[in-house]
**Student:** 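Attaching a single structure in structure tokens format; questions to follow.
Per chain, numbering begins at 1; letters A, B, ... match sequence-line order.
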Number of protein chains: 2
Amino acid sequence: MSREEQEAEELSLKTFTVLTRAAQAVKKQAEEDIRQHGLNPTEFAVLELLYHKGEQPIQKIGGKVLIASSSITYVVDKLEKKAYLSRRPCPTDRRVTYASLTEEGTDLMNEIFPKHRQRMHDVLGGVTEDEKTSLIELMKKLGMHAGSL
Amino acid sequence: MSREEQEAEELSLKTFTVLTRAAQAVKKQAEEDIRQHGLNPTEFAVLELLYHKGEQPIQKIGGKVLIASSSITYVVDKLEKKAYLSRRPCPTDRRVTYASLTEEGTDLMNEIFPKHRQRMHDVLGGVTEDEKTSLIELMKKLGMHAGSL
DNA sequence: CCTTTTTATCTCGAATTCGAGATAAGTATA
DNA sequence: TATACTTATCTCGAATTCGAGATAAAAAGG
């Protein structure tokens, strides 16, 4: 392997490391915020999806939040116990169950989502708006390529 | 809240989302590669640390790999059972235990690390070298700020 | 129709991570 | 020295996630 190839691989590895570290640091902040409201990140992600997109078949939740079907059941169970979410059987397809926010769930998200968005804005305060725009563009390319392998 | 502030927060949230997705996609590829060698990501990270930095006190491993002390014990136990790693008590401080690669562990890393580096290089193939350099700079800033909160 | 395949949800057990606390050893202080 | 604080590792139980497989319903193919 040539010197150039070695250096190219090292640059990729370095990028991987820095990406992982940055994502970890940001994720940690997000989790800290979310836990203060008595939720874990997955629970929050599910509530956020329903909050913004409305009622969803349980299976679609797994697709968007990127967790296994067995984990969805677990998370939806927990949110249902907390009364933030309710299940409703689909009238036309008896395999399907919809999940939607209860009034309590909506109230909760009205309360905590703006705070969460503000907190995330603070967390991302290390880069300018232009830099965020660059990051979005570059990470989209990076993510699309990695996701297509 | 003004329109500008709202849009600024939305941009931050978008950046957060794209960062998370990109990191997730890349991490998934890394994990897939690592699992093919019978390891999980944490085990690999520990082996990699010892491979590049040599023998380390167990406690330092937790700091660099960013896992809780109780998790280190678990991972080191597993690697010891697989005979890739051995514990050695520190002669001068009886609280401390060093972990180091066995010959088998070194052989394994000689075998799989170059392949892993190549695979990661492929995974990061969606962006040019200049873009990687930009990403490193931007994500360092982002990660440093988030990590200091 | 009847069989096969696909789809949606759930159950169960294993793997991994964490936090709290135990233990034991080193360090500092009165 | 005796006492209190700090540090390093480990134990234990809980939380979370996954994969494999069960169940039931819908869709597709003959």
Side-chain angles (χ1 to χ4, degrees), chain A residues 20 23-24 27-32 34-47 49-50 55-82 84-100, chain B residues 20 23-24 27-32 34-47 49-50 55-82 84-100:
Chain A
T20 302
Q24 216 163 17
K27 189 178 152 197
K28 193 181 165 192
Q29 293 295 322
E31 290 186 7
E32 201 173 298
I34 288 165
R35 294 220 185 264
Q36 287 180 349
H37 303 292
L39 300 168
N40 72 40
T42 311
E43 289 172 334
F44 183 81
V46 171
L47 292 181
L49 175 68
L50 300 178
E55 186 176 66
Q56 300 281 324
I58 282 181
Q59 180 253 111
K60 293 234 171 179
I61 298 175
K64 309 210 181 177
V65 178
L66 296 183
I67 51 177
S69 67
S70 50
S71 305
I72 312 167
T73 302
Y74 173 76
V75 174
V76 169
D77 280 353
K78 279 181 52 184
L79 289 172
E80 201 173 23
K81 268 172 204 146
K82 291 180 184 177
Y84 293 143
L85 170 159
S86 65
R87 283 179 162 98
R88 185 176 70 82
C90 173
T92 60
D93 185 339
R94 291 198 291 169
R95 293 169 303 178
V96 174
T97 303
Y98 291 110
S100 60
Chain B
T20 302
Q24 215 163 18
K27 187 178 152 198
K28 194 182 163 190
Q29 293 295 321
E31 290 185 8
E32 201 174 298
I34 288 165
R35 293 217 186 267
Q36 287 180 348
H37 304 291
L39 299 169
N40 71 41
T42 311
E43 290 171 335
F44 183 81
V46 171
L47 292 180
L49 176 67
L50 300 178
E55 186 176 65
Q56 300 282 324
I58 283 180
Q59 180 254 120
K60 293 232 172 182
I61 297 175
K64 308 209 181 177
V65 178
L66 296 182
I67 53 176
S69 67
S70 50
S71 305
I72 312 167
T73 302
Y74 173 76
V75 174
V76 170
D77 281 353
K78 278 182 54 186
L79 289 172
E80 202 173 23
K81 267 173 206 147
K82 291 180 184 176
Y84 293 143
L85 170 158
S86 66
R87 283 179 164 97
R88 184 176 72 80
C90 173
T92 61
D93 186 337
R94 291 198 292 171
R95 293 170 304 178
V96 174
T97 303
Y98 292 109
S100 59

**Student:** Sequence neighbours left out, what passes side-chain hydrogen bond (donor to acceptor under 3.5 Å, both in side chains) with A:Gln24? Give chain and number order.
**Tutor:** none

**Student:** For a 4.5 angstrom cut-off between non-hydrogen side-chain atoms, does B:Glu43 reach B:Val65?
**Tutor:** no

**Student:** Do you know the tightest heavy-atom contact between B:Val46 and B:Leu79?
**Tutor:** CG1-CD1, 3.8 Å

**Student:** Whole Å only: how far is the CZ atom of B:Arg94 from the P atom of C:dT27?
**Tutor:**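 About 12 Å, once rounded to whole Å.
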
**Student:** Which whole-number value in Å describes the distance from B:Ile34 CD1 to C:dT16 C1'?
**Tutor:** 15 Å

**Student:** For B:Lys82, does the NZ atom sit with more than 12 other heavy atoms under 6.0 Å from it, leaving out its own atoms?
**Tutor:** yes

**Student:** If you count heavy atoms of other groups shown closer than 6.0 angstrom to NZ of B:Lys78, is the number above 12?
**Tutor:** yes

**Student:** Just so I know, are the side chains of B:Lys60 and B:Ile72 near enough to count as touching, which here means a heavy-atom distance under 4.5 Å?
**Tutor:** no

**Student:** How close do B:Arg35 and B:Pro41 get, heavy atom to heavy atom, and via which atoms?
**Tutor:** NH2-CD, 3.9 Å

**Student:** Which heavy-atom pair separates B:Cys90 from B:Tyr98 by the least distance, and what is that distance?
**Tutor:**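 It is CB-CE1, 3.6 Å.
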
**Student:** Below 3.5 Å between N/O atoms, which protein atoms pair up with nucleotides 1-5 of chain D? Just atom names and distances, please.
**Tutor:**
none

**Student:** Could you tell me how far apart B:Lys28 (NZ) and D:dC18 (P) are, to the nearest whole angstrom?
**Tutor:**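 Interatomic distance, NZ of B:Lys28 to P of D:dC18: 11 Å.
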
**Student:** Could you state the CD-P distance from A:Glu32 to C:dG19, rounded to the nearest angstrom?
**Tutor:** 11 Å

**Student:** What does nucleotides 4-15 of chain C look like as a protein-contact string, B for base, S for sugar-phosphate only, - for none, at under 4.0 angstrom between heavy atoms?
**Tutor:** ---BSBBBB--S

**Student:** Respond yes when some side-chain nitrogen or oxygen of A:Ser71 is under 4.0 Å from OP1 or OP2 of D:dT16, and no when none is.
**Tutor:** no

